[in-house]
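Have a look at the structure below before the remarks.
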Amino acid sequence: MSDDLIEAASAVRQNAHAPYSNYLVGAAVRTQSGDIFVGCNVENVAYPEGTCAEAGAIAAMCAAGQRVITEVAVIGSSDTPVPPCGGCRQKLAEFASGDVRVTMATLDGQTHVQTVADLLPGAFGRDHLDSGT
Ligand code: THU
């Protein structure tokens with residue numbers, strides 16, 4: 001079910017620009033319309049300017065005019081499946097409901113699946129804005 005998404009994440013990972021960490025990451029999101037958008041990490045010599053793979057995939061999705069994520073895959077070169085960083089968890093939660101599955105994968109085929117709600121319990125969301133003054 002998530003195989004095509006992992007494959008897309010794995011393919012785009014090859015294009016990651018990660019000369020500082022040497023940690024290449026690929027991400028793919030499936031949208032409500034069934035399309036897949038991909039992104040890779042893009043580091044910068046001014047380190048904080050680097051961007052994560054998930055952010056790239058989300059930017060591509062938004063640029064195409066889409067806003068609803070139904071599934072996510074992330075693949076990195078670590079020994080264990082790569083968990084999205086804290087900032088990326090918040091970015092995913094902007095476009096994915098809590099029950100959306102995030103498959104984290106290694107290059108040798110291990111996978112670990114968690115939902116967006118598992119990854120970001122107690123998330124700050126738009127209801128908090130609505131209930132504010
Ligand atoms: N990285 C991602 O692209 N996504 C994550 O969720 C974890 C971290 C990237 C950022 C940086 O380029 C490299 O991995 C090492 O932190």
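These figures come from a predicted structure and were not determined experimentally. As a basis for the values below, the full set of heavy atoms in this structure was taken, side chains included, without hydrogen atoms, waters or symmetry mates. All ligand and atom numbering here is 1-based and tracks the order in the structure.
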- Task: May I ask you to identify the nearest protein heavy atom to atom 4 (N) of ligand 1, giving residue, atom name and distance to one decimal place in Å?
- Result: Glu54 OE1, 2.8 Å
- Item | Nearest-neighbour protein heavy atom for atom 9 (C) of ligand 1, which is reported as residue plus atom name and distance | Asn41 ND2, 3.6 Å
- Would you indicate whether the side-chain heavy atoms of Thr31 and Met61 approach each other to under 4.5 Å? yes
- Any side-chain heavy-atom pair of Val29 and Phe95 under 4.5 Å: no
- For atom 14 (O) of ligand 1, the protein heavy atom that lies nearest, with its residue and separation: Tyr23 CD2, 3.4 Å
- Query: Are any of the heavy atoms in Ala18 under 4.0 Å away from ligand 1?
  - Reply: no
- For Leu129 and Phe124, what are the C-alpha separation, side-chain angles and deciding distance, and is it a side-chain contact (heavy atoms from CB on, under 4.5 Å)? CA-CA 9 Å; Leu129 289 183; Phe124 177 70; 4.0 Å; yes
- Message: When you group the ILVMFWY residues by side-chain heavy-atom contacts below 4.5 Å and let the links chain together, are Phe37 and Val102 in the same group?
- Response: yes
- Item | Interfacing atoms of ligand 1 (cut-off 4.0 Å, heavy-atom, Cys52) | 1 (N), 2 (C), 3 (O), 4 (N), 5 (C), 10 (C)
- With atoms numbered from 1 as shown, which atoms in ligand 1 lie under 4.0 angstrom from a non-hydrogen atom of Pro84? 6 (O)
- Would you check the N or O atoms of Val25, main chain and side chain alike, for any that come under 3.5 Å of an N or O of ligand 1? no
- Side chain of Arg67, backbone of Cys62: donor and acceptor closer than 3.5 Å? yes
- Query: Hey, quick one: are Leu92 and Val82 part of the same hydrophobic cluster, counting side-chain heavy atoms closer than 4.5 Å, chains of contacts allowed?
  - Reply: yes
- Side chains of Ile69 and Ile58 in contact at under 4.5 Å (non-hydrogen atoms): yes
- Message: Show me which atoms of ligand 1 lie under 4.0 Å from any heavy atom of Glu43.
- Response: 11 (C), 12 (O), 13 (C)
- Message: Within ligand 1, which atoms have a heavy atom of Ala53 less than 4.0 Å away?
- Response: 2 (C), 3 (O)
- Task: In sequence, state the C-alpha distance, the side-chain angles, and the governing distance for Arg30 and Asp4, and then conclude on side-chain contact (heavy atoms from CB on, under 4.5 Å).
- Result: CA-CA 10 Å; Arg30 197 190 314 280; Asp4 59 339; 2.9 Å; yes
- Item | Distance flag for atom 16 (O) of ligand 1, protein heavy atom under 4.0 Å | no
- Message: Under 4.0 Å from a heavy atom of Ser21: which atoms of ligand 1 are those, numbered in the order shown and with their elements?
- Response: 13 (C), 15 (C)
